[in-house]
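Since the structure is predicted, the reported quantities are computational estimates derived from the model, not experimental observations.
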Amino acid sequence: MDRLFAILVILIIISSLFVFIKNYQDVRGAFSKELFTSFIAIYFILMLGFALLYFLLSEAGFSLLIDQPLQAGTSFERFFHSVYFSGVTLMTVGYGDVTPIGIGKPIALFEAMIGYLLPAAFLYKLLG
């Protein structure tokens with residue numbers, strides 16, 4: 001039942017985005033599909049770039065997160081955990097289930113700063 005609910009929510013989100021992008025002319029005239037897709041692509045590239053940085057640093061033996069979740073499991077699991085931590089940090093959600101330590105703190109702080117400023121840059125470009 002939980003999976004069905006999750007799939008339903010994902011489908012609703014995807015369809016909402018599709019309708020929003022399809023009807024972008026109706027949204028204040030200043031909106032452009034190219035700008036929106038560029039914004040999403042920048043977020044995705046930044047998230048994967050920082051995830052790769054976390055993953056490679058953990059592979060080199062650096063302690064980045066409390067409880068060392070980047071050192072346990074298969075390579076795929078560790079990389080997926082890096083992507084999760086990077087996404088939560090970049091989008092400044094900060095659930096609190098993963099906490100950076102050591103060199104991971106300034107890297108996460110820099111990533112969160114980029115994630116905080118990027119929407120402002122997007123709005124400036126959109127409205128300016």
Side-chain angles (χ1 to χ4, degrees):
M1 187 66 176
D2 289 336
R3 284 187 183 185
L4 181 64
F5 182 72
I7 291 171
L8 181 63
V9 168
I10 290 170
L11 287 174
I12 290 171
I13 291 170
I14 290 171
S15 64
S16 296
L17 284 174
F18 178 75
V19 168
F20 180 69
I21 291 171
K22 184 178 177 196
N23 299 321
Y24 73 94
Q25 289 94 354
D26 300 335
V27 183
R28 288 203 62 205
F31 181 80
S32 82
K33 188 174 13 175
E34 292 79 19
L35 186 60
F36 182 73
T37 54
S38 297
F39 181 67
I40 297 297
I42 288 170
Y43 254 106
F44 188 71
I45 290 168
L46 282 169
M47 183 178 67
L48 287 180
F50 274 101
L52 189 59
L53 178 64
Y54 295 131
F55 180 74
L56 293 175
L57 284 174
S58 71
E59 290 292 306
F62 287 94
S63 295
L64 299 171
L65 303 174
I66 289 181
D67 296 333
Q68 304 302 326
L70 297 180
Q71 270 112 16
T74 66
S75 293
F76 178 77
E77 289 171 340
R78 292 191 316 268
F79 182 71
F80 181 75
H81 199 79
S82 297
V83 170
Y84 169 76
F85 176 69
S86 178
V88 168
T89 303
L90 182 65
M91 295 173 200
T92 64
V93 174
Y95 290 125
D97 59 340
V98 183
T99 306
I101 58 173
I103 195 170
K105 283 184 176 184
I107 297 170
L109 184 62
F110 183 68
E111 184 180 11
M113 182 184 69
I114 290 172
Y116 187 73
L117 294 176
L118 197 58
F122 174 70
L123 284 175
Y124 178 77
K125 178 72 174 165
L126 183 65
L127 301 176

Kindly work out whether a path of hydrophobic side-chain contacts (I/L/V/M/F/W/Y, heavy atoms less than 4.5 Å apart) joins [X] to [Y].
X: Leu64; Y: Met113; result: yes
X: Ile114; Y: Leu117; result: yes
X: Tyr54; Y: Ile66; result: no
X: Phe55; Y: Phe80; result: no
X: Ile40; Y: Ile13; result: yes

Could you list all the salt bridge (charged side-chain N to carboxylate O under 4.0 Å, His left out) pairs where at least one residue sits in residues 98-111, not counting sequence neighbours? none
List the steps and the verdict of side-chain contact (heavy atoms from CB on, under 4.5 Å) for Leu65 and Thr99. CA-CA 5 Å; Leu65 303 174; Thr99 306; over 6 Å; no
Between Thr89 and Phe50, does a side-chain contact (heavy atoms from CB on, under 4.5 Å) hold up when you go through it step by step? CA-CA 10 Å; Thr89 303; Phe50 274 101; over 6 Å; no
Once ring-ring contact (aromatic ring centres under 6.0 Å, His included) is applied, do any residues pair with Phe44, and if so which ones, sequence neighbours excluded? none
Thr74 and Phe79, any side-chain heavy atoms less than 4.5 Å apart: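 Side chain of Phe79 against side chain of Thr74, heavy atoms only: no contact under 4.5 Å found.
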Could you grab the distance from atom [atom1] of [X] to atom [atom2] of [Y], nearest 0.5 Å is fine?
X: Met47; Y: Ile42; atom1: CE; atom2: CD1; result: 14.0 Å
X: Phe85; Y: Leu90; atom1: CZ; atom2: CG; result: 11.0 Å
X: Phe62; Y: Leu53; atom1: CZ; atom2: CG; result: 10.0 Å

Does Gly115 offer a backbone N or O that forms a donor-acceptor pair with the side chain of Tyr43 under 3.5 Å? yes
Measure from the side-chain N and O atoms of Arg78 to the backbone N and O of Gly73, and report whether any donor-acceptor pair falls under 3.5 Å. yes
Closest non-hydrogen atom pair between Leu46 and Ser86, with its separation: O-OG, 4.3 Å
Looking at every heavy atom in both Tyr84 and Tyr95, which two are closest together, and how far apart are they?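 Scanning both residues, the minimum pair turns out to be OH-CD1, 3.2 Å.
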Counting only heavy atoms not in Phe39, do more than 12 fall under 6.0 Å of its CZ?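 Enclosed.
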Applying side-chain contact (heavy atoms from CB on, under 4.5 Å), run through Leu52 and Val83 and close with a yes or a no. CA-CA 8 Å; Leu52 189 59; Val83 170; over 6 Å; no
